[in-house]
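Beneath this line is the structure, given in structure tokens, with notes to follow.
These numbers come from a predicted model, not from an experiment. Note that these values count all heavy atoms, side chains included, but never hydrogens, waters or copies made by symmetry.
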Amino acid sequence: MYQGVVFDLDGTLLNTLYDLSDSVNQALETYGYSGHSSEEYKKMIGGGFYNLIERSLPKEARSGEIIEKVLEEFLSVYDRNYINRTAPYDGIEELVRQLAEKGIRLGVNSNKRTDYTQALVRKFFPETAFVAVIGNCREYPKKPDPAAALEIASRMGLAPAEIVYIGDSKTDMLTGENAGMDTIGVTWGFRDEEELRKYNATKVVHNPGEILEYICR
């Protein structure tokens, strides 16, 4: 049914929550602001690092100058810590391997900066040939704008209708919809099933095995 898959990264392929929350908290503490729990960060992640820092700051501290200072400190910390506790979700490595073996073309589209996105994909999926891995960069607007997803489709040589977009948030469901792709919402990430259904996920799954079964049915 589908010839290609575009994956979101954070909350879909990789559990990056703890390295992100640890790094943001360290940056906040450097400037005298209180940190947050990992569970609280689940609702803040999405939209790129700038948005993450803005959401983590007290409302009265969300000026551009303060956000930029804390963001700079965060990037310095995250550069050292981004693979400390990050790992693929259970069953993801097998899913990616089997999809590749079945000839499904694979891509990654994230709002995480492209350099980190590509480094993490290389680290955790070294034997998988992704057609394209595109993160937050100057060339493409951030999700839910479909430009990067459509660029991945072009590199795959496939029509959007031949691709399914897989992610864990409303941003991913909207990105897929805006690109003319069906969507699969995963419930193991940073958002809940209610959000995925509210934003018209074509299919909602609770484990990676369901993705393989749905795509290859």
Write down the atom of Ala147, the atom of Asp145, and the distance for their closest heavy-atom approach. N-OD1, 2.9 Å
Anything under 30° is parallel, anything over 60° is perpendicular, the rest tilted; go ahead and classify Tyr89 against Trp188. tilted
Does Glu127, at its CD atom, have more than 12 non-hydrogen atoms belonging to other residues, nucleotides or ligands within less than 6.0 Å? no
When hydrophobic residues are tied together by side-chain contacts of less than 4.5 Å, even through go-betweens, does Ile184 share a cluster with Met181? no
Would Leu9 and Met156 show up in the same hydrophobic cluster when neighbours are defined by side-chain heavy atoms closer than 4.5 Å? no
Asp172, Asn136, Asn178, Thr175 screened by side-chain hydrogen bond (donor to acceptor under 3.5 Å, both in side chains) with Lys143, the one that passes: Asp172
Has Glu40 got more than 12 heavy atoms of other residues, nucleotides or ligands less than 6.0 Å from its CD? yes
For the pair Leu14 and Leu120, evaluate side-chain contact (heavy atoms from CB on, under 4.5 Å) and give the outcome as yes or no after the intermediate values. CA-CA 9 Å; Leu14 300 180; Leu120 287 165; 3.8 Å; yes
What I'd like to find out is whether the side chain of Val96 reaches to under 4.5 Å of the side chain of Leu13, using heavy atoms alone. yes
Using the rule given for side chain to side chain donor-acceptor pair (under 3.5 Å), can you reason through Asp22 versus Asn25, listing the C-alpha separation, both sets of side-chain angles and the distance that settles it, and then say yes or no? CA-CA 5 Å; Asp22 290 348; Asn25 281 342; 5.5 Å; no
Is Val77 linked to Ile66 within one hydrophobic cluster, defined over Ile, Leu, Val, Met, Phe, Trp and Tyr using a side-chain heavy-atom separation of less than 4.5 Å? no
From CG (Asp79) to OG (Ser23), nearest 0.5 Å: 9.5 Å
For Tyr41 and Ser56, what are the C-alpha separation, side-chain angles and deciding distance, and is it a side-chain contact (heavy atoms from CB on, under 4.5 Å)? CA-CA 8 Å; Tyr41 278 115; Ser56 72; 4.0 Å; yes
Name the residue from Glu194, Glu195, His206 that meets the side-chain hydrogen bond (donor to acceptor under 3.5 Å, both in side chains) definition with Thr187. His206
Considering residues, nucleotides and ligands other than Glu94, do more than 12 of their heavy atoms fall under 6.0 Å from its CD? yes
Check: Tyr165/Asn109 side-chain N/O donor and acceptor closer than 3.5 Å: yes
Suppose we screen for ring-ring contact (aromatic ring centres under 6.0 Å, His included). Which residues come up paired with Tyr116, at least two apart in sequence or across chains? Phe49, Tyr78, Tyr82
Is the side chain of Thr114 donor-acceptor paired with the backbone N or O of Gly135 at a distance under 3.5 Å, no angle test? yes
Ser21 versus Ser38, side-chain donor and acceptor atoms under 3.5 Å: yes
Measuring from Leu196:CG to Asp168:CG, what's the distance to the nearest 0.5 Å? 7.0 Å
Would a hydrophobic clustering, with Ile, Leu, Val, Met, Phe, Trp and Tyr connected at side-chain separations under 4.5 Å, put Leu52 with Phe190? yes
Gap between atom CG of Leu17 and atom CZ of Arg85 - 0.5 Å precision: 8.5 Å
Spatial distance of atom CD1 (Ile152) from atom CG (Leu150) [nearest 0.5 Å]: 9.5 Å
According to a 4.5 Å side-chain heavy-atom criterion applied to Ile, Leu, Val, Met, Phe, Trp and Tyr, with indirect links allowed, do Leu106 and Ile215 form part of one hydrophobic cluster? yes
Hey, does the side chain of Asp182 reach the backbone of Val164 with a donor-acceptor pair shorter than 3.5 angstrom? no
Assess whether atom CZ of Arg138 is packed by more than 12 heavy atoms of other residues, nucleotides or ligands within 6.0 Å. no
Using the rule given for side-chain contact (heavy atoms from CB on, under 4.5 Å), can you reason through Lys42 versus Glu39, listing the C-alpha separation, both sets of side-chain angles and the distance that settles it, and then say yes or no? CA-CA 5 Å; Lys42 281 186 176 182; Glu39 284 300 307; 3.3 Å; yes
Quick check for you: to the nearest 0.5 Å, what is the distance between Ile67 atom CD1 and Arg55 atom CZ? 11.0 Å
Point-to-point distance, once rounded to the nearest 0.5 Å, from CD1 of Ile211 to CG of Leu95: 5.0 Å
